[in-house]
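Following: one structure in structure tokens, then a few remarks.
Just so it is clear: chains get the letters A, B, ... in the order the sequence lines come, proteins before strands, and each one is counted from 1.
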Protein chains: 2
Amino acid sequence: MSFFKGRETYSVDDKGRLAIPAKMRKSMSPESMETFVVTRGPDEDPCIYAYPLDEWQKVEGQLAGLNQYNDRDRFFLRTLLYWADELIFDKQHRVMLPKALVEFAQIEKTALIIGAMDHLEIWNPEIFESYLTKRQESYAEVAETVMGGRLL
Amino acid sequence: MSFFKGRETYSVDDKGRLAIPAKMRKSMSPESMETFVVTRGPDEDPCIYAYPLDEWQKVEGQLAGLNQYNDRDRFFLRTLLYWADELIFDKQHRVMLPKALVEFAQIEKTALIIGAMDHLEIWNPEIFESYLTKRQESYAEVAETVMGGRLL
DNA sequence: CAGTTGGTGGGGAAAAGTGGGGAAAGAATG
DNA sequence: CATTCTTTCCCCACTTTTCCCCACCAACTG
């Protein structure tokens, strides 16, 4: 459908449920069947990646291109899939986050949900804060070189 | 449609609403669906960027070319999208500015809206004033090096 | 100087987020 | 195989936020 963007700080209740913000639900295509595939993010700083089902299928397409007989490819694949799980919305548009991922991402009472193009990212707000602040380069510097020569 | 230009100083009401100047609305194409995508500007000095929906889609096209598995690209993407939000006009041609961006840009009662080609910029009038005055180089000097050797 | 367009403000209905009780399904235990 | 405990999920209720609508005033235009 359209890219995810924006962020919301939502609460994770005692039952481990997390609501998906309305504006992000609107970016999902009906083909995703109200289903997310979650796994761990690729960062040093821990976060959860959540792909709508149809976007996940594109990721699977890329994974299929890897060489299972290459040691590094196999390690990447194993790790990614080891953490993966499929989550379906309940009738209140919430998902139950797997305990292992909640523990991995060190999420407690509140979660920061960030729209990042083809997926959502779920962070412990404090960890994300430190991710932003501990950078040597400022956003202004990175923006200039990353987008340099293009528009924006 | 056509480039944004000019400036207006408008008030932000208690509900966080800001009207979009009529002359700037006229520069928007109908494809923008009376919708803006706002995010933080790339400057050191804080301001809000507001792209009409159709212009934003061009930005998204650029973002899609970045490599999500590269650390710097990801940082840029995340920061840009973290601050992004989609705003739709109410029936009085106003948008509700997200609290986080209002805080980021230190906007209070009044906002300075500047037309800047493909987007609008929303500033705290005093911050924009100091941005202009604190420059060592004069406009005349910068103009020569930036545009020197080209037309104008 | 009347009519139209443009900016500002606030009340109230509708939507979205949050939390908890309890039934159904599944796993563990004797 | 039956009983008990745990987990999952539907439903209802409450609170907050958003946005639609109406009204007013100021400014420009013919």
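- For residues 128-142 of chain A, the pairs satisfying salt bridge (Lys or Arg N to Asp or Glu O under 4.0 Å) are A:D45-A:K134, A:R135-B:D71, A:E137-B:R72, with sequence neighbours left out.
- Which of C:dG6, C:dT18, C:dG12 sits closest to the side chain of A:A19 comes down to C:dT18.
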Anything under 3.5 Å between a protein N or O and an N or O of nucleotides 28-30 of chain D, put it in a table, one pair a line.
none

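- Side-chain atoms of B:R25 come within 3.5 Å of backbone N or O of B:I20 as a donor-acceptor pair.
- By the 4.5 Å heavy-atom criterion applied to side chains, B:E8 and B:K23 are counted as neighbours.
- Judged as a ring-ring contact (aromatic ring centres under 6.0 Å, His included), and not counting sequence neighbours, the contacts of A:F36 are A:F89.
- The shortest side-chain heavy-atom distance between A:P98 and A:L87 falls under the 4.5 Å cut-off.
- Put simply, the side chain of A:L132 reaches to within 4.5 Å of the side chain of B:F75, judged on heavy atoms.
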Polar atom pairs between nucleotides 26-28 of chain C and protein, under 3.5 Å, N or O only, would you list them?
none

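- For the pair A:P46 and A:I127, the minimum side-chain heavy-atom distance is below 4.5 Å.
- A donor and an acceptor atom never sit less than 3.5 Å apart when one is taken from the side chain of B:K23 and the other from the base of C:dG6.
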Short N/O separations, protein against nucleotides 24-26 of chain D, under 3.5 angstrom:
none

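- Residue-to-nucleotide contacts include a donor-acceptor pair under 3.5 Å from the side chain of A:R17 to the base of C:dG20.
- D:dC22 atom P lies 10 Å from atom CD of B:Q92, rounded to whole Å.
- Contacts between residues 93-107 of chain A and DNA chain D, defined by a heavy-atom separation below 4.0 Å, involve A:R94, A:M96, listed by number.
- When the P atom of D:dC20 is taken as reference, atom CD of B:E34 falls 11 Å away, rounded to whole Å.
- For the residue pair A:Y139 and B:R40, no side-chain donor N or O sits within less than 3.5 Å of a side-chain acceptor on the partner.
- Checked by atom type and distance alone, the side chain of B:S27 never pairs as donor or acceptor with a backbone atom of B:F4 at under 3.5 Å.
- Both A:L18 and A:M28 belong to a common hydrophobic cluster when Ile, Leu, Val, Met, Phe, Trp and Tyr are linked at side-chain heavy-atom distances under 4.5 angstrom.
- Taking atom CG on A:D14 and atom P on D:dT6, their separation rounds to 17 Å, with Å as the unit.
- Comparing B:L18 and A:K15 by the nucleotide of DNA chain C whose heavy atom lies nearest to each, the residue mapping closer to the 5' end is B:L18.
- Rounded to whole Å, atom P of C:dT5 lies 12 Å from atom CZ of B:R25.
- Between the CZ atom of B:F89 and the P atom of D:dC21 there is a distance of 17 Å, given to the nearest Å.
- Here the side chains of A:Q92 and A:R17 are not in contact, with every heavy-atom distance at 4.5 Å or above.
- In the displayed structure, B:R74 atom CZ is contacted under 6.0 Å by more than 12 heavy atoms of other residues, nucleotides or ligands.
- Rounded to whole Å, the distance from CG on A:D90 to C1' on D:dC12 is 13 Å.
- At C:dG6, one or more side-chain N or O atoms of B:K26 fall inside 4.0 Å of OP1 or OP2 (strictly under the cut-off).
- Counting heavy atoms from C-beta outward, A:E55 and A:V59 have side chains that stay 4.5 Å or more apart.
- The side chain of B:K91 places no N or O atom within less than 4.0 Å of a non-bridging phosphate oxygen (OP1 or OP2) of D:dC20.
- Here B:W56 contributes atom CH2 and A:F3 contributes atom CZ; the two are 9.5 Å apart, rounded to the nearest 0.5 Å.
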